[in-house]
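In this text, all values refer to a predicted model and were calculated from it rather than measured experimentally.
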Amino acid sequence: MHKLLRNIWLYDETSQNLKDVRIQDGKIVEIGQKLEVNGAEIIEGNGSCLAPGFVDVHVHLREPGGEHKETIESGTKAAAKGGYTTICAMPNTRPVPDTIKNIEHVNELIEKNAVIRVLPYASITIREAGKERTNLAELKEHGAFAFTDDGVGIQQAGMMLETMQDAAKLNMAVVAHCEDNTLIYGGAMHEGIRNKELGLPGIPSVAESVHIARDILLAEAAGAHYHVCHVSTKESVRVIRDAKRAGVHVTAEVTPHHLLLTEHDIPEDDAVWKMNPPLRGNEDLAALREGLLDGTLDFIATDHAPHSAEEKAAGFKKAPFGITGFETAFPLLYTHFVKNGDWTLKQLIDWFTKKPCDVFDLPYGSIEEGAIADLVLLDLTTEQVIDPTTFLSKGKNTPFTGVKCTGWPVLTLFGGETVFSEQQ
């Protein structure tokens with residue numbers, strides 16, 4: 001049986017004339033007004049907004065090896081609740097997807113347990129230890145989405161150059177968590193004002209921006225596609241902007257939390273606010289917002305990083321970095337930027353869909369006849385409070401508890417099948 005999604009309005013249309021969308025065999029086959037039912041299963045949209053399923057190229061699902069934090073099943077269910085239909089899983093698992101055997105194991109787990117599309121990264125080095133490079137060609141052949149040692153910056157310039165040269169031959173992206181380990185100094189939060197007030201060691205902005213500047217020059221020499229994870233500093237935005245003007249193939253992402261929060265929002269030594277890169281200063285926040293609007297930063301990714309409550313209770317010095325993001329990303333940004341007129345709805349949804357697909361040449365992120373029916377229905381009027389106890393993710397570690405938001409996903413379809421419904 002095919003489906004008929006009735007009485008919706010499309011996110012990219014200026015008029016809010018209600019439309020119907022017919023779905024058959026996992027694809028959109030017809031878009032129009034007051035379409036004939038023709039025996040279809042009716043899904044009533046009730047005037048809500050229909051968008052393509054969201055795409056997140058930077059997530060941590062923890063499985064295998066960290067199942068107490070998250071599993072592929074719990075993580076993908078949480079992602080579906082947040083409106084995501086395609087996510088790209090980072091390789092900091094145990095074992096690391098650094099060999100054919102290990103990436104095949106990850107793919108088997110995804111096939112068995114994921115409720116949406118999961119594209120796995122493969123690591124640049126064995127065990128992400130930064131000492132011995134992996135066989136990129138073999139890993140691509142067995143399903144690697146791109147290559148990264150996310151969470152651990154590649155410290156040796158020669159190793160990064162060789163990686164970029166090999167990746168360029170394969171037409172694959174090198175994706176980087178940028179951090180010069182010699183400049184971290186054991187820091188736990190941003191080296192600024194708040195760390196001194198709290199008596200905590202700081203991570204200077206230059207630890208990130210120096211690594212990005214180095215890698216941009218290496219990418220230019222190698223002719224590679226270089227993608228920068230979770231940009232957080234004004235200096236980083238500047239060097240990426242300059243590189244794009246120079247014609248270097250560099251792309252970059254920014255997270256919701258770095259667009260919304262600064263070091264000054266951290267109330268106390270509470271590791272629910274601990275993330276890497278850390279929350280920076282007011283000038284950094286302004287630069288990130290400007291960089292997103294002018295195209296220096298290409299799209300938004302969550303860096304969804306679940307941890308257990310026990311781990312996060314250890315305070316800034318001992319707790320792991322990271323916060324969850326799937327189930328709060330869109331409502332937070334819709335509420336803070338679209339409702340007040342800073343961004344249009346289309347801009348925000350493009351940063352969640354079309355833009356990451358354009359950067360990584362993915363065949364998703366659109367609503368048109370013939371497209372895969374990865375869709376999310378959004379309620380842009382009902383206000384709800386963020387409550388971690390309702391998360392489908394195992395990770396409840398969010399600094400946004402109690403924030404009132406609108407813009408909540410109420411239905412997510414993956415290949416035409418319901419993977420989340422508010423009514424369930």
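Relative to the six-membered ring of F391, K396 misses at least one condition, a distance below 6.0 Å or an angle of at most 45° to the axis.
Remark: K19 engages E13 in a salt bridge (charged side-chain N to carboxylate O under 4.0 Å, His left out) (not counting sequence neighbours). Legend: residues meeting side chain to side chain contact (heavy atoms under 4.5 Å, CB included) with N107, ordered by chain and number and at least two apart, are I103, I110, P120. The side chain to side chain contact (heavy atoms under 4.5 Å, CB included) search around D379 returns T381, T382, V410, not counting sequence neighbours. The salt bridge (charged side-chain N to carboxylate O under 4.0 Å, His left out) test applied to K69 returns E311, not counting sequence neighbours. Contacts of D387 classified as salt bridge (charged side-chain N to carboxylate O under 4.0 Å, His left out), with partners at least two apart in sequence or in another chain: none. Under the ring-ring contact (aromatic ring centres under 6.0 Å, His included) criterion, F414 pairs with no residue, sequence neighbours left out. Partners of F145 according to the side chain to side chain contact (heavy atoms under 4.5 Å, CB included) rule, which considers only residues two or more places apart in sequence or in another chain, are V57, C88, L119, Y121, F360, L362. Residues passing the side chain to side chain donor-acceptor pair (under 3.5 Å) test with R22, sequence neighbours excluded: H2, E30. Residues satisfying the ring-ring contact (aromatic ring centres under 6.0 Å, His included) test with W343, not counting sequence neighbours, are F337, W351. For K112, there are no side chain to side chain contact (heavy atoms under 4.5 Å, CB included) partners at least two apart in sequence or on another chain.
For the 3.5 Å distance criterion, the side chains of H264 and T262 fail to qualify, holding no donor opposite an acceptor.
For F299 and F352, the distance between ring centers is not under 6.0 angstrom.
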Checklist entry - Which is it for R238 and D242 under the salt bridge (Lys or Arg N to Asp or Glu O under 4.0 Å) test, yes or no, and what are the steps along the way? => result CA-CA 6 Å; R238 186 175 72 237; D242 289 346; 5.1 Å; no
Checklist entry - Between E208 and S236, is a side-chain hydrogen bond (donor to acceptor under 3.5 Å, both in side chains) present by the stated rule, with each step listed? => result CA-CA 7 Å; E208 173 181 296; S236 301; 2.6 Å; yes
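Distance check: L5 CG to L413 CG gives 6.5 Å after rounding to the nearest 0.5 Å. In this structure, K312 NZ and I323 CD1 are separated by 8.0 Å, a value rounded to the nearest 0.5 Å. For the atom pair D374 CG and I116 CD1, the distance stands at 9.0 Å (nearest 0.5 Å).
Taking a 6.0 Å sphere around NZ of K394, one finds it holds more than 12 heavy atoms contributed by other residues, nucleotides or ligands. In E283, the CD atom is not crowded: 12 or fewer heavy atoms of neighbouring residues, nucleotides or ligands sit closer than 6.0 Å.
Pairs engaging residues 57-86 under the ring pair (Phe, Tyr, Trp, His ring centres under 6.0 Å) rule: F54-Y84, H58-H60, H58-H230, Y84-F326 [sequence neighbours left out]. Within the structure, every pair that satisfies the salt bridge (charged side-chain N to carboxylate O under 4.0 Å, His left out) test and touches residues 336-349, not counting sequence neighbours, is listed here: K346-D350.
Put simply, the side chain of D284 gets close to the backbone of K234: a donor and an acceptor are under 3.5 Å apart.
Using a 4.0 Å cut-off between charged side-chain N and carboxylate O, R194 and E197 make a salt bridge.
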